[in-house]
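Here the structure comes first, spelled out in structure tokens, and everything after it is commentary.
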Amino acid sequence: MAGLNLKNIEKVYPNGFHAVHDFNLDIEDKEFIVFVGPSGCGKSTTLRMIAGLEEISSGELYIGENIVNDVAPKDRDIAMVFQNYALYPHMTVFDNMAFGLKLRKMPKDEINQKVTDAARILGIENLLKRKPKQLSGGQRQRVALGRAIVRNPKVFLMDEPLSNLDAKLRVQMRAEISKLHQSLQTTFIYVTHDQTEAMTMGTRIVVMKDGFVQQVADPQTIYKHPSNMFVASFIGSPQMNFIECTLKEENNNVYAEFKGNKVTLSAENSKTLKDLGYVNKEVVLGIRPENMFVHSEVSDNKDNVIETNVQVTEMLGSETYLHLDMQNQNVIARVDPSTKAEIGKNINIGFDITKIHIFDKDTEKAVF
Ligand code: ATP
């Protein structure tokens with residue numbers, strides 16, 4: 001078990017491509033860290049540098065107390081599970097799990113013990129004599145995890161380990177990996193492009209874009225207080241709605257104006273915007289789909305109500321997504337399935353003003 005420290009890590013590939021810029025992160029022992037971001041953002045490169053599979057161009061990587069930049073992968077005390085978990089097809093499950101230990105010349109009794117223990121943790125004791133082709137995708141993934149567990153590593157590294165599984169199995173394995181983390185009490189670093197995996201599994205999430213870290217925080221903080229428009233749009237599904245508007249002041253309160261509509265902001269937020277000089281400036285207002293409501297279903301108060309046209313309704317059983325044309329800006333509201341909204345009809349939409357975000361139009365950074 002160990003913490004890790006990444007200090008000013010950079011990766012420039014031999015062709016000159018700068019894949020990771022100034023990556024800094026202090027990972028405590030037993031954390032479950034998730035690197036998340038779109039394809040090409042540098043998350044796998046960073047993980048591979050931690051594993052020792054990719055050279056670190058500059059910066060320092062510590063595992064525990066030791067700087068490991070020049071330590072060979074096999075001596076870093078880490079185990080890695082990949083997306084294509086390449087089991088040896090001619091070996092049984094037992095032998096697949098035992099293989100690395102045999103190479104290390106571990107005594108047979110000890111190997112037996114370790115493989116049996118790992119198989120019990122993963123619930124695959126009854127599969128030990130089977131060959132990989134006799135297993136389902138989820139079972140194979142468990143064997144790949146078992147192969148990592150038997151090594152008793154200080155750190156587990158996982159690169160999209162669930163992306164080859166079907167949706168239902170992914171949900172199941174997601175919970176199993178979280179349970180595994182709890183029972184092993186070891187540091188996990190997990191790479192995914194799937195924001196749901198990041199939100200549900202991570203104790204902390206590192207959101208990346210174009211080789212730069214955008215935000216590092218626990219899932220709730222990332223969701224409630226995204227640091228910029230990229231994080232706000234990447235985390236959460238359907239994504240946060242963005243509405244271009246101008247901030248105006250009236251009776252000491254600040255309101256957002258767009259196409260003749262007004263959304264009054266809370267007293268606290270008004271003060272922040274005034275103090276920072278945002279009055280009379282163009283900004284981007286962010287509101288999550290669940291923080292919008294169909295007005296007639298909630299109250300008769302006509303403040304902060306915007307007329308929209310229903311373009312599409314998506315019934316999901318427990319909720320309904322309304323795709324709305326809000327004065328030529330497309331937005332999605334997540335509402336109760338009992339909604340009477342009909343395609344082509346106009347409905348009034350209200351905002352929960354305590355949940356509004358404002359972003360600087362130039363820097364795209366969150367004011368709040
Ligand atoms: P994905 O989800 O698609 O795996 P990722 O965020 O893990 O994406 P990386 O694999 O880390 O992305 O790649 C980051 C960037 O570095 C990409 O633009 C990729 O094209 C580039 N890259 C990766 N390997 C090399 C290489 N060997 N030489 C040059 N550029 C590379």
Side-chain angles (χ1 to χ4, degrees), residues 4-25 27 31-61 63 68-70 72-73 76 78-86 137 141 144-145 148 155-167 169-171 173-174 177 187-202 204-217 219 222 226-237 239 364:
L4 285 91
N5 196 347
L6 291 88
K7 281 191 178 165
N8 311 111
I9 299 278
E10 306 264 350
K11 178 67 190 181
V12 182
Y13 279 108
N15 67 355
F17 185 75
H18 202 154
V20 177
H21 298 256
D22 198 23
F23 192 107
N24 287 286
L25 186 65
I27 302 174
E31 275 201 272
F32 195 136
I33 293 282
V34 180
F35 296 168
V36 69
S39 182
C41 70
K43 50 197 190 300
S44 294
T45 300
T46 308
L47 195 77
R48 290 168 62 80
M49 286 193 282
I50 296 172
L53 302 174
E54 203 64 73
E55 198 185 325
I56 296 171
S57 305
S58 70
E60 291 165 351
L61 170 65
I63 298 183
V68 297
N69 288 44
D70 299 321
R76 290 192 184 190
I78 49 171
M80 188 145 171
V81 180
F82 294 94
Q83 174 180 348
N84 39 14
Y85 28 80
Q141 189 54 275
L145 287 170
V155 184
F156 272 91
L157 304 180
M158 302 193 180
D159 194 350
E160 307 246 10
L162 307 185
S163 51
N164 283 347
L165 306 179
D166 67 49
L169 199 50
R170 251 193 339 253
V171 173
M173 285 302 291
R174 207 162 73 196
I177 291 179
T187 312
F188 277 41
I189 308 178
Y190 187 103
V191 162
T192 181
H193 62 270
D194 179 343
Q195 60 92 27
T196 312
E197 280 182 19
M199 287 295 285
T200 51
M201 298 168 91
R204 274 196 304 160
I205 301 177
V206 178
V207 185
M208 296 180 72
K209 181 190 172 215
D210 299 337
F212 289 91
V213 171
Q214 305 290 309
Q215 189 169 9
V216 182
I222 295 254
S227 62
N228 58 36
M229 285 176 69
F230 173 77
V231 177
S233 63
F234 194 77
I235 301 288
S237 176
Q239 74 156 67
E364 301 197 349

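In this text the structure is predicted, and so the values were computed from the model without any measurement. Whatever order the structure lists ligands and atoms in, that order sets their numbers, starting from 1.
- The protein atom (non-hydrogen) at minimum distance from atom 19 (C) of ligand 1 is Phe17 CE2, 4.5 Å.
- Just one of Val36, Thr45, Thr46 meets the side chain to side chain contact (heavy atoms under 4.5 Å, CB included) condition when paired with Met208; it is Thr46.
- If you check each of Cys41, Gly40, Ser163 against atom 17 (C) of ligand 1, the one with the closest non-hydrogen atom is Gly40.
- Between the side chain of Lys43 and the backbone N or O of Val207, no donor-acceptor pair lies under 3.5 Å.
- Here the side chain of Asn69 pairs a donor or acceptor atom with the backbone of Leu61 at under 3.5 angstrom.
- On a distance-only criterion, Gly42 and ligand 1 share at least one N/O pair closer than 3.5 Å.
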Atom pairs and distances, side-chain donor-acceptor, residues 209-216, under 3.5 Å, sequence neighbours left out:
residue: Gln214; atom: OE1; partner: Asn228; partner atom: ND2; Å: 3.0
residue: Gln214; atom: NE2; partner: Phe212; partner atom: O; Å: 3.3
residue: Gln215; atom: OE1; partner: Ser227; partner atom: N; Å: 2.8
residue: Gln215; atom: OE1; partner: Ser227; partner atom: OG; Å: 3.4
residue: Gln215; atom: NE2; partner: His225; partner atom: O; Å: 3.0

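- The main-chain N or O of Asp22 is found under 3.5 Å from a side-chain atom of Glu10 such that the two form a donor-acceptor pair.
- Per-atom contact check: atom 15 (C) of ligand 1 touches the protein, criterion being a heavy-atom distance below 4.0 Å.
- In this structure, the protein non-hydrogen atom closest to atom 4 (O) of ligand 1 is Ser44 OG, 3.7 Å.
- At the top of the distance list for atom 11 (O) of ligand 1, counting protein heavy atoms only, stands Thr45 OG1, 2.5 Å.
- Contact atoms of ligand 1 toward Ala19: 16 (O) (distance under 4.0 Å to a heavy atom of the residue).
- Judged by distance alone, with hydrogens and angles left aside, the side-chain atoms of His18 form a donor-acceptor pair with the main-chain N or O of Val20 at under 3.5 Å.
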Check step by step if side chain to side chain contact (heavy atoms under 4.5 Å, CB included) holds for Phe234 and Ile222. CA-CA 10 Å; Phe234 194 77; Ile222 295 254; over 6 Å; no
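- With Glu197 as the fixed residue, the side chain to side chain contact (heavy atoms under 4.5 Å, CB included) test singles out one of Val34, Leu162, Val171: Leu162.
- The closest approach between His193 and ligand 1 stays at or above 4.0 Å for every heavy atom of the residue.
- Remark: the backbone N or O of Val68 is paired with a side-chain donor or acceptor of Arg76 at under 3.5 angstrom.
- Heavy atoms of Asn15 found under 4.0 angstrom from ligand 1 belong exclusively to the side chain.
- Residue-environment remark: CD (Glu60) exceeds the threshold of 12 foreign heavy atoms within 6.0 Å.
- Residue Arg48 places no heavy atom under 4.0 Å from ligand 1.
- Close contacts of ligand 1 with Glu160, meaning ligand atoms under 4.0 Å from a residue heavy atom, involve 2 (O).
- The residue Met208 has no part lying near ligand 1, judged by heavy-atom distances below 4.0 Å.
- Ranking the protein heavy atoms by distance from atom 23 (C) of ligand 1 puts Tyr13 CE1, 3.4 Å first.
- Taking atom 3 (O) of ligand 1 as the reference point, the nearest protein heavy-atom neighbour is Ser39 OG, 2.6 Å.
- Nearest to atom 2 (O) of ligand 1 among the protein's heavy atoms is Lys43 NZ, 2.7 Å.
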